[in-house]
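Take a look at the structure below.
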4 protein chains.
Amino acid sequence: MARTLPTIPRKSASQQRSKATVEALLDATARVLVRDGYDRASTNRIAAKAGVSVGSLYQYFPNKEALVAALVARHNREMLQLIRDALKKVASLDLATAMREMVKATLDAHLVDPALHRIFADQVPRMGQLAKIEALKEETFALIRAYLEDRRKEIAVRDLDAATSILATTVEALTHEFVINKPNALDRDRDRFVNEVTRLVAGYLTPGRA
Amino acid sequence: MARTLPTIPRKSASQQRSKATVEALLDATARVLVRDGYDRASTNRIAAKAGVSVGSLYQYFPNKEALVAALVARHNREMLQLIRDALKKVASLDLATAMREMVKATLDAHLVDPALHRIFADQVPRMGQLAKIEALKEETFALIRAYLEDRRKEIAVRDLDAATSILATTVEALTHEFVINKPNALDRDRDRFVNEVTRLVAGYLTPGRA
Amino acid sequence: MARTLPTIPRKSASQQRSKATVEALLDATARVLVRDGYDRASTNRIAAKAGVSVGSLYQYFPNKEALVAALVARHNREMLQLIRDALKKVASLDLATAMREMVKATLDAHLVDPALHRIFADQVPRMGQLAKIEALKEETFALIRAYLEDRRKEIAVRDLDAATSILATTVEALTHEFVINKPNALDRDRDRFVNEVTRLVAGYLTPGRA
Amino acid sequence: MARTLPTIPRKSASQQRSKATVEALLDATARVLVRDGYDRASTNRIAAKAGVSVGSLYQYFPNKEALVAALVARHNREMLQLIRDALKKVASLDLATAMREMVKATLDAHLVDPALHRIFADQVPRMGQLAKIEALKEETFALIRAYLEDRRKEIAVRDLDAATSILATTVEALTHEFVINKPNALDRDRDRFVNEVTRLVAGYLTPGRA
DNA sequence: AATGAATGAGAATTCATTCAT
DNA sequence: AATGAATGAATTCTCATTCAT
């Protein structure tokens, strides 16, 4: 029997395969990290879980850090997408409403994969490449900052950079704290959390109004 | 006349020796962590830096985690002491002033040993015993909460627990963020940082007043 | 004509490699045990002697105990094979002759590698997995028991299990004692040893006949 | 108040104290061996259990092996005493009865401290000094041999040394096997065990009579 | 004599990474 | 490109023994 000739161009096929392998590896990394913790997440274990040989892992990632960094990046991209979408819709809204949407989006972002997020926060050392994967922060900063610029007149703070930092950090930290350490409070009353944080930051930007 | 009995108990000599060894080990751990990072901080390296044998290290700490945990605890205790002292003096002061003192104390606490603090934040995995040691922040919570209780009437937030969480988390996170990622801003204008954070939290507690 | 497919499966190469490594490790373990004793037989030393890295050792054996257990098992299997072969041929023979063959086979078994056998007896702690590996002597028990069952009528002992235990233990212990502690006696007069032990056990099974 | 002068001569006092310490150490060794196994029985642990400092342990025993050897020796002495007493009374008795008494005494000896005996058999490596502490065997051999000499005429074996070896080894091994691996059988029917073993060895010495 | 802190060689084991097939 | 066997440096931890007090 004649061997069937491949109908799909080789390159494309292998490109697709590559992509699938990379995704499988990232998925496996996430699962192993969550299940076993960072310290027990060896490259061999991850490759096995991905149904791929260690050799293949190193075909796509030069070292363990790069693998984890890629996963962090993917996770951040997913979170960022939510923030981006939310802030896109907010341009025309008043400050308080805009802040509320931002808080909600941040919360949604943190709920994308809380278990994985927790591992990143608690166990993955932020050093080397990992230290730099703060792209999430940077774009969030830029987005917020752009919105505030638009509303400059309504805002009581002169130094927009500082205000943006404070805003972003506060919302991020409070969301993180509650998602990680007080998930029950959120389950019970998500709206109250959003209200309070919104009030906190809105009050900061426009004192006296609240 | 009977031979004078030794007034200093026998044990004290070796007890002092023990204590010195433990201190040396903790100091060495701090130095090695800061210099080499968590991953390169092996027990042998730490013992060597402490001028002590590995055996001695394990005489006092059952494993590496316990050693680092003890250091974290010591560091936290030092930071906590500053917060405690500040809040002690604050009982009779008005809200805004009290908040300002709290922010200043938190900042001082973070400046006790920023390099070490950064290692803890970035590299030391929070698992096992380490996860629990954050419990020291429970005392901060209690202290703040007690103050707020006293001033309950002036405060616009009903749920004191939630308010305390938000307050503590916000001040801690902002301080951390600026100490770690924007040290220059602090060097340039520490007062402005304190002002802004104070305004943020005071505004949250007593809206309309600011 | 289509390219000839490789007749030898890909895997076989690496499978053979694996097998060779395992064999090399077991051989090295035996040699190191005999030369240096159990306590000095470190996994690193064994790996070195096998011309293999420690890592490979742990690829195939989860810990030192498993390695030694595998060696004990291999040794027992070799010994058992001799017993098995001997008892196979003995089914139709009379009791005294059968016992003699069993004694001879046991002696041969103990002479497979007396030095190694001595290490096992004297130095290898029988704990954990090792404790269970003596289970191989269960097959000896079963073989003997089956033979006795066949000859039940000629035997003066009612409880066959007890008789088998006594038989097996006696022959084993005497052989061990002489091989280990009185090798000269055996060198001088192997037949006398066989005669005496045979008489001992045959007399037990069929008193009055001897 | 005047210090009471010691009424008991110093030397004797400290000699008694020494003896007590040594006993405490041996007792502690036995308990730790049984509880934790040979590998986990460290000198520090033993000293602690004995209520004595490690330093003191080394005052009385030059090294760990000597300590264990002393314990083995003490245990053997206790066992031997039983054998000795039994064989003393047996001089005038006929072969079968004498053998029976010897088997019973051996069994009693093995029941002195079966747990400890098992540790010695299973876990304590017989090397160095330990290899030589077969004094038990040697004296037992001598005692049995002396008895057989007396009864030479009734015995069918010419080589008394060989016969003694076979006798001693057989009884010892069977007793050991049953005490260690078939304790239930003994609990149920101790007499049967004694009967069978007696018959085995008596039949060997005086064939045709049984 | 006793104490117990200190020692440090050495053991088991892991895991990121390489490379022959 | 994939495979997975092999590598070996590095790490944690133990424990018999010593010795200053």
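In what follows, every chain begins at residue 1, and chains take the letters A, B, ... in the order their sequences are listed.
Spacing between atom NZ of B:K64 and atom P of E:dT14 amounts to 16 Å, rounded to whole angstrom units. Look at CG on B:L25: it is 13 Å from C1' on E:dT7, rounded to the nearest Å. Counting to the nearest Å, the C1' atom of E:dT17 and the CZ atom of A:R45 are 17 Å from each other. Atom-to-atom, CG of A:L67 to C1' of E:dT17 comes out at 13 Å; the value is rounded to the nearest Å. If you take CD of B:Q16 and C1' of E:dA6, they are 17 Å apart, rounded to a whole angstrom. Nucleotide E:dA6 holds its C1' atom 12 Å from the CG atom of B:L57, rounded to whole Å. Computed from coordinates, the A:Y38 OH to E:dT14 P distance equals 18 Å when rounded to whole Å. In this structure, the CZ atom of B:F61 is 13 Å from the P atom of F:dC13, given to the nearest Å.
The residue among B:G51 and C:V54 whose nearest nucleotide of DNA chain E lies closer to the 5′ end is B:G51. Sequence order on DNA chain F of the closest nucleotides to C:N44 and C:Q59 puts C:Q59 first from the 5' end. Of the two residues contacting DNA chain F, namely D:A41 and C:V52, the nearest-nucleotide position lying further toward the 5' end is that of C:V52.
In this structure, the side chains of B:R118 and B:D122 come closer than 4.5 Å at one or more pairs of heavy atoms. Proximity of D:R74 to D:D27: side-chain heavy atoms (C-beta onward) are separated by under 4.5 Å at one or more points. Contact check for D:L71 versus D:L116: side-chain heavy atoms found under the 4.5 Å cut-off.
For the pair A:S53 and F:dG4, the criterion of a side-chain N or O lying under 4.0 Å from OP1 or OP2 is not met. B:T21 has no side-chain polar atom (N or O) that falls below the 4.0 Å cut-off from OP1 or OP2 of E:dA5. Contact annotation: A:S56 reaches the phosphate of F:dT3 (side-chain N/O to OP1 or OP2, under 4.0 Å). Within the structure, a side-chain polar atom (N or O) of D:Y58 is placed less than 4.0 Å from OP1 or OP2 of F:dT17.
Here D:N63 lies in heavy-atom contact (under 4.0 Å) with sugar-phosphate atoms only. The residue D:Y60 sits close only to the backbone: its heavy atoms come under 4.0 Å of sugar-phosphate atoms, none of a base. Nucleic acid contact class of D:D39 (heavy atoms, under 4.0 Å, all strands): sugar-phosphate only.
Checking side-chain atoms of B:T29 against main-chain N and O of B:L25 turns up a donor-acceptor pair under 3.5 Å.
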**OP:** Take B:V68 and B:F61 through the side-chain contact (heavy atoms from CB on, under 4.5 Å) test and state the conclusion after the steps.
**Re:** CA-CA 9 Å; B:V68 175; B:F61 302 97; over 6 Å; no
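Counting only heavy atoms from C-beta on, A:S42 has its side chain closest to E:dC15 among E:dA2, F:dT18, E:dC15. The side chain of A:T43 approaches E:dT17 more closely than any other nucleotide in the set F:dT17, E:dA5, E:dT17. When the nucleotides E:dT17, F:dA9, E:dA11 are ranked by their closest atom to the side chain of C:R40, E:dA11 comes out on top.
Judged as a salt bridge (charged side-chain N to carboxylate O under 4.0 Å, His left out), and not counting sequence neighbours, C:E65 has no contacts.
Using modelled atom types and a 3.5 Å distance limit, the side chains of B:S18 and B:Y60 yield a donor-acceptor pair.
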Original post:
Once Watson-Crick and G-U wobble pairs under 3.5 Å are found, how is DNA chain E written in dot-bracket notation, 5' to 3', with | for any base paired to another strand?
Top reply: .||||||||||||||||||||
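Sequence neighbours left out, the pairs with a member in residues 38-51 of chain D that pass side-chain hydrogen bond (donor to acceptor under 3.5 Å, both in side chains) are D:D36-D:R45.
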